[in-house]
Structure formats: C-alpha cells, structure tokens
Number of protein chains: 2
Amino acid sequence: MRFMHDVKGENALPATVVFRLGTLGSIAADMFAAKIEAIGLKPKHAGLMTALQAGVAASQQELASKLGVAPSLVVMLADHLEGMGAVQRVRDPDDRRRQVLTLTDHGRKLLGDCAAAARELDAELTAGLTASQLGALQRSLAILAEGVGLPTG
Amino acid sequence: MRFMHDVKGENALPATVVFRLGTLGSIAADMFAAKIEAIGLKPKHAGLMTALQAGVAASQQELASKLGVAPSLVVMLADHLEGMGAVQRVRDPDDRRRQVLTLTDHGRKLLGDCAAAARELDAELTAGLTASQLGALQRSLAILAEGVGLPTG
DNA sequence: TATTGTTATACTCTATAACTATA
DNA sequence: TATAGTTATAGAGTATAACAATA
C-alpha cells in the first residue's frame, strides 16, 4: 500500500519532467543571461538573431509571431540590436510598411560569441553526464523542442 | 573546411543544452502555470510547498534562501498560501522572530493536485519519446538538477 | 547590535492600446 | 478599411530599502 499522493516517490512533483525542465530552464536562462551580459545582449536578443540566422522570419511581425512576443517588444529588441550594429533595418520596397531585418557581419560575430558562451555553459552544466548520457539528452531535448514547435529553433 | 561559426551545425546556439533547456523550460513553466491557475496557484507557490514537503526549509528566511528569491517575496507567497489554508504560520517558541511554515492537509492535497497536473503535462510533452528515451531523459535531468544544487528539487 | 519578518518603494519586463504611415 | 511599425501607457512580478519586533 502506498501513500495516495506519493510525496517522495517518482510520481511526486519534483520528479516530473515539466517541473525539472522549468526549474533547470530558469537556472540555465539566468546563467546564459549572465554570460552574454558582457557583450551587451540578453537572451531575447540572441533568440531574435537566431531566428534571423535560421531564416524563419524577417519582418518584425513575423519575428514577433515566431518568438511568441508582442510586436512592440520586437521594436525594442531591434532598436537595441540596430544601435549596436548587429542588425540592419531595410524597408521592403514591395511593401514599404514592412521593416526587413538582416544580420550584419557584426551580428553574426555576436551570435557566434553567444554560441561559444552556451558551449562553455554546456560543458559546466553537463559535467556530471557520461558522453552517451549527454548524447541521449541532446536527442531527447531536440524531440521535445520539435514537439512544442519551438519558436526559435 | 567548415564555417567558423558553424551556424547550422551541432555547435550552433540552438543546438546547445542551455539554449534548449532555457526555451523548453520557459514553455514548460508557462504550461504548468496555466494548468494550476485554476486552483489558485502559481509555480512559485508550488515550489514553496514542495520545499516545505521535502523538509529542506521551514522558516521564511530558509525558504527564501532555498528558493533563491527575496525574503519579501516569501512573505507574499506565504500570505497567499495561508489565505487559502494551504500553510500555517506558527511562531517558533525558541526564537519568536521566526515564522515556521507548515503544510496543512489542504496544502498537501493542493500539492498532490499540482503533481497530477504535472504528470498530465509530462504525458503530453514527452509523447514523442520512447519509453527508454523518457527514462534516460529523466535520469539526465535528475543529474543536472543535482549538479546545480537545485533549490526545490 | 544583529536578525526575522514585514511594509513601502522602485525597477524590470512585457503586454495592451493609441497613433502614424502605407497599402 | 486594414496592416506594419512605433510610441505611450499600464500591469505583473520581483528586488531593494526602510521599518518593527525580537534576540
């Protein structure tokens, strides 16, 4: 006979995937934010540039939709990135209402710096995993990401 | 010869564990928040109750430390939980400055409801994984959680 | 004087709503 | 009239700082 709520067992809240993803994700996001703060970026800037790099969105409306944020937030993110020379805004000649964003060389370099920071954190975060565990984790996370239709990749 | 920044490859930002944990974690947290909103709770309330249940903290200061939030936030979370009869505040007779929080029966029931909600989301989220992939994922996440000294897990 | 809890205040983030330009 | 972008405003969430009670 077991406890109905199974407070310590594998059915308890802390053992669920959503709980662990939520808590680990929050910590991971904070670590990443701290790492890229030095180059003047926040995670959402990296997310926007990643969407541009992947070619899944170009106009600000498309970006807002893909990133799952309000259009007004894209304006501020793009302002910041344009101000530091990471992206360029060019009016779409076919529809002059649209601002098409493109990554500059500097933007690509910054995105590379973000990736390098992320890889350093990966090494730190996954130090306790064996190589095969790490591989399995990466594959599982990729499947989960695909399952929820992840905005930014 | 490869591109220096390897923008699409497995070294790129979207393929890192931190990036995927961050994005998936945010989605998971939102899903969980939406599920438990109906019972008047937010993820941080569940985290606080989980810490109480696990016995890793009792006073509000200890909770603030374990949860990684400001003491003033614990006051508000505890106010809310006390208001709905999920926790009790009792003064520590040995040190009357300390408020010791304890879960009530109703609090334990609510925590069980949170766990049930999380399990439902797990089923939905991990539908694309095989049983063995799921098991491997759970083990890996547990190791990562331990590695970062997770507050509430 | 130091510490726990509380209250008051301010800041960050983000969304909603109003506005401008273009279609 | 409808849409892309922008600006202005407002709300949620959380931290910092001041305060009260106890040690």
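Chain identifiers are assigned alphabetically (A, B, ...) following the order of the sequence lines, protein sequences preceding nucleic acid strands; residue numbering begins at 1 within each chain. Note: hydrogens, waters and symmetry copies are ignored here, and every other heavy atom, side chains too, is used.
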Let me know the distance between [atom1] of [X] and [atom2] of [N], rounded to the nearest Å.
{"X": "B/Leu48", "N": "D/dT14", "atom1": "CG", "atom2": "C1'", "result": "15 Å"}
{"X": "A/Met76", "N": "D/dT9", "atom1": "CE", "atom2": "C1'", "result": "12 Å"}
{"X": "B/Leu101", "N": "C/dG5", "atom1": "CG", "atom2": "P", "result": "8 Å"}
{"X": "B/Leu73", "N": "D/dA12", "atom1": "CG", "atom2": "P", "result": "15 Å"}
{"X": "B/Arg91", "N": "D/dT22", "atom1": "CZ", "atom2": "P", "result": "7 Å"}
{"X": "A/Gln99", "N": "C/dT20", "atom1": "CD", "atom2": "C1'", "result": "13 Å"}
{"X": "B/Arg89", "N": "C/dT4", "atom1": "CZ", "atom2": "P", "result": "16 Å"}
{"X": "A/Arg96", "N": "D/dT6", "atom1": "CZ", "atom2": "P", "result": "13 Å"}

Under the salt bridge (charged side-chain N to carboxylate O under 4.0 Å, His left out) rule, what do B/Asp113 and B/Lys109 come out as? Steps first, then yes or no, please.
-> CA-CA 6 Å; B/Asp113 293 343; B/Lys109 183 198 168 301; 2.7 Å; yes
When you look at A/Gln60 and A/Arg89, which way does the side-chain hydrogen bond (donor to acceptor under 3.5 Å, both in side chains) test go after all the steps?
-> CA-CA 10 Å; A/Gln60 297 185 185; A/Arg89 274 178 167 117; 2.9 Å; yes
Does a side-chain N or O from A/Lys44 land closer than 4.0 Å to OP1 or OP2 of C/dC13, or not?
-> no
Looking across every strand, which nucleic acid part, if any, lies under 4.0 Å from A/Ser59 by heavy atom: base, sugar-phosphate, or nothing?
-> sugar-phosphate
Output the single nucleotide from D/dA17, D/dG5, D/dA23 whose closest atom is nearest the side chain of B/Asp95.
-> D/dA23
N/O donor-acceptor pair, side chain A/Ser72 with base C/dT16, under 3.5 angstrom = yes
Between A/Lys42 and A/Arg97, whichever has its closest DNA chain C nucleotide further toward 5' is A/Lys42
Going through the checks in order, is the salt bridge (charged side-chain N to carboxylate O under 4.0 Å, His left out) test met by B/Arg119 and B/Asp122?
-> CA-CA 5 Å; B/Arg119 285 193 298 271; B/Asp122 269 24; over 6 Å; no
Following the transitive rule for hydrophobic clusters with a side-chain heavy-atom cut-off under 4.5 Å over Ile, Leu, Val, Met, Phe, Trp and Tyr, establish whether A/Ile143 and B/Val17 coincide in one cluster.
->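 Yes, same cluster.
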